[in-house]
*Asks:* 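Let me begin by handing over the structure; questions about it come next.
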Number of protein chains: 2
Amino acid sequence: MKRNPTSYVILGLLSIQSNLTGYDMRKAVQGSIGYFWAESYGQIYPALKQLTREKLIAASRKSAKGGRQRQEYALTEAGRACLREWLVLPFHNEPPRNEFLLKLFFAGEAAPSVAIAHLQDVQERNRRMLDTLNAIEATVPASQPSNPHLRYWMLTLGLGKTLTRAALEWGDSALVELSAQAAAQLPRSPKANRTASSRSPSRHKR
Amino acid sequence: MKRNPTSYVILGLLSIQSNLTGYDMRKAVQGSIGYFWAESYGQIYPALKQLTREKLIAASRKSAKGGRQRQEYALTEAGRACLREWLVLPFHNEPPRNEFLLKLFFAGEAAPSVAIAHLQDVQERNRRMLDTLNAIEATVPASQPSNPHLRYWMLTLGLGKTLTRAALEWGDSALVELSAQAAAQLPRSPKANRTASSRSPSRHKR
DNA sequence: TGGGTCATGTAATAGGTTACATGATTGC
DNA sequence: GCAATCATGTAACCTATTACATGACCCA
């Protein structure tokens, strides 16, 4: 049976923690696998209905928090089996579309400052990303020391940190190269092109 | 005017080289930006028609190669202006959906060998990727030494290499960790679990 | 009493893949 | 003659986002 990835995300989340609502799941995705996965309500709610029809999940409690209406779900045995089946299937890596790289690739059509600005933007995002990942690393293991999933969570986190750090280092050297080029092309007022050279290369936390 | 990314890919490709057919463009995408971008005919051909209607590109020559029917396109001045406008606009980094990481994150539900197999798969793909990128690096600059786009092409290539190498190193250490764990859990027949330990850590070309 | 967040959902639309259909040309 | 590649396109379908609609509860 073919199922969309959102369904497996739901099954996976419920395998870790029961009694989540659709709203909870969205939050959980953003707060844990957010750096490599995204889900919107428009995907989650229909998927919840479909999974319920197929008895892979079941509505568990209702209106627990205060008197607030709240539809929580739990994994059924069939759902757990379905998740396990999917886990062993080979993954297909999606056609990755990176608009930053696309603009950089075609940047010869624009002034050097354009590429430099995009690079600075990407560096800034990556610095924030690394901070976020470091914060997760500092708090999660302490709060769930004996969680059997922890080892895998830390592995995904580790790849995120590794890739982000590598991207930051590449970005620094790319900025150096492009700034030098921009300076060479506009040698008349060396004080004017502060855009790139005024920022010192980011010193990354390890 | 809002336009889909495929349109800008077409404009970008034509800014580098004229007289490409839709077929050529698909090939060019696969052979150059393929590691961070994908296009299908179902996107390209409709986009070509739309861009022609909007006069951002123009059908240039017909049936040049042999007697073969062949509709080639070229950038108009309006098209070039449109590309430049887009280049300076901030990029939005897409919600990245990485199924490998998704499976790794939820792998606690399955046997350790499942995660190990996925990891070996990803290492193999990354090794091949690095070979491809190295091959491009070895041939492209020699063939187009004075192309003004070359600097930017090499930058995107450099990021690809950097990220792939970083991923490979992470993968090696992840495999060591998971293999040790698997061995500790099945101490009865240490010769049996060859899946992970039989392969030596990949020695990557730099 | 009003803003923020919890909570659920739908409709419009965009974005994209895959499979199919067609046919010519090139090279073995 | 046959397979591979060049070449163009469409239709069906899936995936996914965004905006919208609705309303309750919490806290200041």
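Quantities reported herein were computed from a predicted structural model and do not represent experimental measurements. Every chain is numbered from 1, with letters handed out A, B, ... down the list of sequences.
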*Asks:* Given C/dG15, D/dC6, C/dG9, which nucleotide is nearest the side-chain atoms of A/Lys49?
*Replies:*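 Minimum distance to the A/Lys49 side chain belongs to C/dG9.
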*Asks:* Name the residue closer to the 5' end of DNA chain D, choosing between B/Gly42 and B/Tyr23 according to the nucleotide with the nearest heavy atom.
*Replies:*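 Here B/Tyr23 is the residue nearer the 5' end.
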*Asks:* Can you tell which of D/dC6, C/dT17, D/dA16 lies closest to the side chain of B/Ala38?
*Replies:*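 Of the options given, the side chain of B/Ala38 lies nearest C/dT17.
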*Asks:* Starting from C1' on C/dT10, measure out to CD on A/Gln50 and report it in whole angstrom.
*Replies:*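 The answer, rounded to whole Å, is 17 Å.
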*Asks:* Would you kindly give the CD-to-C1' distance between A/Gln71 and D/dA24, to the nearest whole Å?
*Replies:*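 Distance, rounded to whole Å: 16 Å.
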*Asks:* Please report, rounded to the nearest Å, how far the C1' atom of D/dC13 is from the CZ atom of A/Arg3.
*Replies:*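 Those two atoms, CZ and C1', are 18 Å apart.
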*Asks:* Specify whether B/Phe100 and B/Trp170 have parallel, tilted or perpendicular ring planes, treating 30° as the upper limit for parallel and 60° as the lower limit for perpendicular.
*Replies:*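 Plane angle over 60°, so perpendicular.
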*Asks:* Can you see if the side chain of A/Arg26 gets near the phosphate of C/dT8 - specifically, an N or O under 4.0 Å from OP1 or OP2?
*Replies:*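 Negative; the distance criterion is not met.
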*Asks:* Return the value, rounded to whole Å, for the distance between atom CG of A/Asn19 and atom P of C/dA7.
*Replies:*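 After rounding, the gap between these two atoms is 13 Å.
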*Asks:* Over how many whole Å does the gap from A/Arg97 atom CZ to C/dA14 atom P extend?
*Replies:*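 Those two atoms, CZ and P, are 16 Å apart.
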*Asks:* When you measure from the side chain of A/Arg70, which nucleotide among C/dC6, D/dA7, C/dG9 comes out closest?
*Replies:*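 Within the option list, the nearest is C/dC6.
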*Asks:* Please assess A/Leu102 against A/Phe105 for the test side chain to side chain contact (heavy atoms under 4.5 Å, CB included), listing each intermediate value before the final yes or no.
*Replies:* CA-CA 5 Å; A/Leu102 192 63; A/Phe105 188 86; 5.5 Å; no
*Asks:* NA contact type, B/Ser40, heavy-atom cut-off 4.0 Å: base, sugar-phosphate, or nothing?
*Replies:*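 B/Ser40: base contact, heavy atoms under 4.0 Å.
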*Asks:* Does A/Leu48 reach the side chain of A/Met25, with side-chain heavy atoms less than 4.5 Å apart?
*Replies:*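 A side-chain contact exists here, since the closest heavy-atom pair is under 4.5 Å.
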*Asks:* Using the six-membered ring wherever Trp is involved, compare the ring planes of A/Trp153 and A/His149 and label them parallel, tilted or perpendicular (cut-offs 30° and 60°).
*Replies:*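 Aromatic pair A/Trp153/A/His149 classed parallel.
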*Asks:* Using 30° and 60° as the class boundaries, would you call the ring planes of A/His118 and B/Phe91 parallel, tilted or perpendicular?
*Replies:*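 Perpendicular: the ring planes of A/His118 and B/Phe91 meet at over 60°.
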*Asks:* Reading DNA chain D from 5' onward, which residue's closest nucleotide shows up sooner: B/Pro46 or B/Lys27?
*Replies:*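 The residue whose closest nucleotide sits nearer the 5' end is B/Lys27.
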*Asks:* Without decimals, in angstroms, what is the distance between A/Ile44 CD1 and C/dT8 P?
*Replies:*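 Taking atom P of C/dT8 as the reference, CD1 of A/Ile44 is at 10 Å.
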*Asks:* How many whole angstroms separate atom CD of B/Gln43 from atom P of D/dT8?
*Replies:*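 These atoms are roughly 17 Å apart.
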*Asks:* Tell me whether the side-chain N/O atoms of A/Thr21 come closer than 4.0 Å to OP1 or OP2 in C/dT8.
*Replies:*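 Yes, because at least one side-chain N or O of A/Thr21 sits under 4.0 Å from OP1 or OP2 of C/dT8.
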*Asks:* Nearest to the side chain of B/Pro5 - D/dA16, D/dA7, C/dG16?
*Replies:*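 For the B/Pro5 side chain, the nearest candidate turns out to be C/dG16.
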*Asks:* Side-chain N or O of A/Tyr45 less than 4.0 angstrom from OP1 or OP2 on C/dT8?
*Replies:*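 So the side chain of A/Tyr45 is within the cut-off, an N or O lying under 4.0 Å from OP1 or OP2 of C/dT8.
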*Asks:* Output the rounded distance in Å from NE2 (A/His92) to C1' (C/dG16).
*Replies:*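 In whole Å, C/dG16 C1' lies 14 Å from A/His92 NE2.
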*Asks:* Side chain of B/Tyr73: nearest nucleotide among D/dG9, C/dG9, C/dA7?
*Replies:*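 Of the options given, the side chain of B/Tyr73 lies nearest D/dG9.
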